[in-house]
Protein chains: 2
Amino acid sequence: MSSEQTPETAGKSLFSLQRRERLMEELRAHGAITVRDIAAKLGVSELTIRRDVNTLADEGLVSRVHGGATLPSPLDRSVSVGRPSAHSYSIGMVVPSLDYYWPQVISGARGEAEVQNLRILVRGSAYDAADNRRQVQALLDTQNIDGLIVAPDMSGDHGKELLRWLNALPIPVVMAERRAPLEIPSHRLEWVATDHSFGAGMAVRHLWQEGHRMIGCLTDSTSPTSPHVVRGWKQALAALKIPLEKSIHEDSAKLDNGDRAKHFDHVLELCRSTGTTAMLVHSDTQAVAFVQHCVDRGVDVPGSMAIVGYDDEVAYLAEPAISAVRPPKNYVGKVAVQLMAARLAEGRMRPVHRIDLNPELIVRDSSLGAPRGVADVLLEDSL
Amino acid sequence: MSSEQTPETAGKSLFSLQRRERLMEELRAHGAITVRDIAAKLGVSELTIRRDVNTLADEGLVSRVHGGATLPSPLDRSVSVGRPSAHSYSIGMVVPSLDYYWPQVISGARGEAEVQNLRILVRGSAYDAADNRRQVQALLDTQNIDGLIVAPDMSGDHGKELLRWLNALPIPVVMAERRAPLEIPSHRLEWVATDHSFGAGMAVRHLWQEGHRMIGCLTDSTSPTSPHVVRGWKQALAALKIPLEKSIHEDSAKLDNGDRAKHFDHVLELCRSTGTTAMLVHSDTQAVAFVQHCVDRGVDVPGSMAIVGYDDEVAYLAEPAISAVRPPKNYVGKVAVQLMAARLAEGRMRPVHRIDLNPELIVRDSSLGAPRGVADVLLEDSL
DNA sequence: TCTCATTTGTTCGAGTTTGAACGTTTCAGA
DNA sequence: TCTGAAACGTTCAAACTCGAACAAATGAGA
């Protein structure tokens, strides 16, 4: 992920206030930042970032450290002043990754926690039930937490066992980006999750409106969101009366470099033979690679192949910029904390809340305009 | 994007108010603006824009920064204090009944509206799409409402048309106790609804735990909640491996007095012949009648026939008192208003929320204790 | 039509923000 | 403890923004 060399400010620069806000966001997401990284990311000199850090430190919003800044720490003597009230509750938060997807969720959670005057303790875990449980147990044992926000691994028997265990914990539990399946007793578990299925459907309907009549799907089955995306894609196809059995559905999990290129060629060949003019590609990093591949092979995007990515981490970096479904990651964290705060305040009488959030479709160049050469394609199709 | 050389004021110049309005629009769209760009875009001098920015900043609507303005930021010290939240909105609320079920929803909504400083205008309607629309239109025309909470009739083509219409309204819409089906474009509709299916499942599992192995369902198909209850009942049966095809599912819609008694006798006969020892009865008023009927016929409740009612309006009045699933009606109203308040405060950037609330199972006498004569039943069952 | 109040534009000195250069401080490893 | 590399802060200059003062334009009401 060190490819962030291209400052995303290519064009517009931020005001100092926005820069500081951005800085706080990164801080909430990662807990600490280095001057160098942020300067590179925002495309300004390190000195500027240092000045920002100083400003924020003067207001007690960050703790200065050599090389960067961290969230205000009690060890930081200089902060002393602005601490009006002690934290009411401590909330543990266990997420499966601290690099991808989750930093923004954490950022949203931390932001809301500040508003609600809660303390949040974040722990990264693996995509693995046993480790999830270990991390939660560690928080319970050592940190005296009053509530738990967690995105557990739910696969297999271990996953089910973990859910049962979470459901029986003596403290309230809110799941983020997870839903308990019906068959598992989980009447106490609350959750907030993005409706990925809806998002995929939105992408398909957008492509349909642009004139595409065969819309494929390229997924990464290693991701827990993948099944939902596929479900949404299938439902949308059904609603639009696109024949599912003729539609491309390929998985490119675990492929690297050469293999991936070969697989992409295979996919392009399939598209040609089925008359598919548009693809929904899960994980926008893969979408970027796919677009790159299309361009390399002389396939015009979006003219001959329209693409919508699922997720919006790096989609804007591609050339052409990729349309993408953007899950409301910040809000997932924010709403999770809201749920927890309300639960802690209202107790048992409050009914169990389960919240779906809809993602947003960001339309960029890669999916705009009607498909070209539909006639040719149909010709080949009829062979 | 500096191509806006032609100021759009080609004909008329804007009044300052319009300009500020426009300025806020740009701000909401982009998060920040520069004095220079806006001045060029609106065809006025930079100083004018600066004065506008100052005015808006004094009202706390923007944060001033060197070179432009941003949306109000928590980092902006000058704003921090002043949050009078003066703005009070009016919300219309259209519900299908003012006698049954909905009074509690309205009460919850009113309570929360007070907290949020909102005004609520309630109108009763019929269980009928055309009338729903009439009532909503009346509110729009005469009351100048800023948001709408509604429980529309969704049956048939009229229902679908109504949903489409609601989705296209210029004001935010929150549905109560309704969910839009997938196939209808309703990306802007938010909702809060009781998970009746979960509630039915909870009742079935409770009866299973008490020892019942054949659990029937008596519904009232005229109610919009009925399908969800049936679905939950079926899902629970499947999870517990109770054969669905052998299980009793009767509907007693539109029956009165003598007919009802006859139908109840029929149901009891079916129970006897299938070995069913427990029934989930939709609408607790019907459950009361059914319990009464059992007692009249000398069928012991819960000894020979355990009963759980769905809904908890009058269940406690029966003799014996009836266990019942209680939907969180108050919270449906409360959460609907919370959704609306947040939507009005945060605008378009907030993702669409869709909330399920779980009902609660109130266990009373009518379902407690193991079934009697299980042996007999099993005997008959094996015939 | 005239007058007055309000709004908008121009000019220009004062103030801000940013980055480069360079000397000082801090940190980590020997 | 020493030392080199990295991080830091001071100073200065360039570019830019801001707002006061005054002038011009506009619109409402007499």
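All values below come from the heavy atoms of this structure, side chains included, with hydrogens, waters and symmetry mates left out. Order of the sequence lines fixes the chain letters, A, B, ..., with proteins taken first and strands second; residue numbering starts at 1 for each chain.
Note: CD (Glu46(A)) to C1' (dA5(D)) measures 14 Å, nearest angstrom. Computed from coordinates, the Arg64(A) CZ to dG9(D) P distance equals 4 Å when rounded to whole Å. Rounded to a whole Å, the NE2 atom of His66(B) is 12 Å from the C1' atom of dG19(D). dT18(C) atom C1' lies 14 Å from atom CG of Leu42(A), rounded to whole Å. We find that CD of Gln18(A) is positioned 14 Å from P of dT17(C), with the value rounded to whole Å. When rounded to the nearest whole Å, the span between CZ of Arg19(B) and C1' of dT6(C) equals 12 Å. When rounded to the nearest whole Å, the span between CG of Leu47(A) and P of dA7(D) equals 14 Å. The separation between Leu17(A) atom CG and dT18(C) atom P is 11 Å, rounded to whole Å.
Of all heavy-atom pairs between Arg364(A) and Ser323(A), the closest is N-OG, 2.8 Å. Taking each heavy atom of Ser63(B) and Pro72(B) in turn, the nearest pair found is OG-CA, 3.3 Å.
Side-chain N/O atoms of Arg50(B) include none lying less than 4.0 angstrom from OP1 or OP2 on dC16(D). Here Ser45(B) does not reach the OP1 or OP2 of dT8(C): none of its side-chain N or O atoms lies under 4.0 Å away.
Backbone-only engagement by Arg36(A) is indicated by non-hydrogen atom pairs under 4.0 Å involving sugar-phosphate atoms exclusively. Counting non-hydrogen atoms under 4.0 angstrom, Val53(B) reaches nothing in the nucleic acid.
Heavy-atom neighbours of Asn144(A) CG from other residues, nucleotides or ligands within 6.0 Å: at or below the threshold of 12. The 12-atom threshold is not exceeded at NE2 of His158(A), counting heavy atoms of other residues, nucleotides or ligands nearer than 6.0 Å. In this structure, Gln137(B) places its CD atom where more than 12 heavy-atom neighbours from other residues, nucleotides or ligands lie under 6.0 Å away. Summarising the local packing, CG of Asp141(A) is surrounded by more than 12 heavy atoms from other residues, nucleotides or ligands at distances under 6.0 Å.
In terms of position on DNA chain C, the residue among Ile49(A) and Arg51(B) whose nearest nucleotide sits closer to the 5' end is Arg51(B).
Between Glu313(A) and Lys329(A) a salt bridge is recorded (basic side-chain N to carboxylate O distance below 4.0 Å).
Taking a 4.0 Å limit (strictly below) on heavy-atom distances, residues 25-35 of chain A does not reach DNA chain C anywhere.
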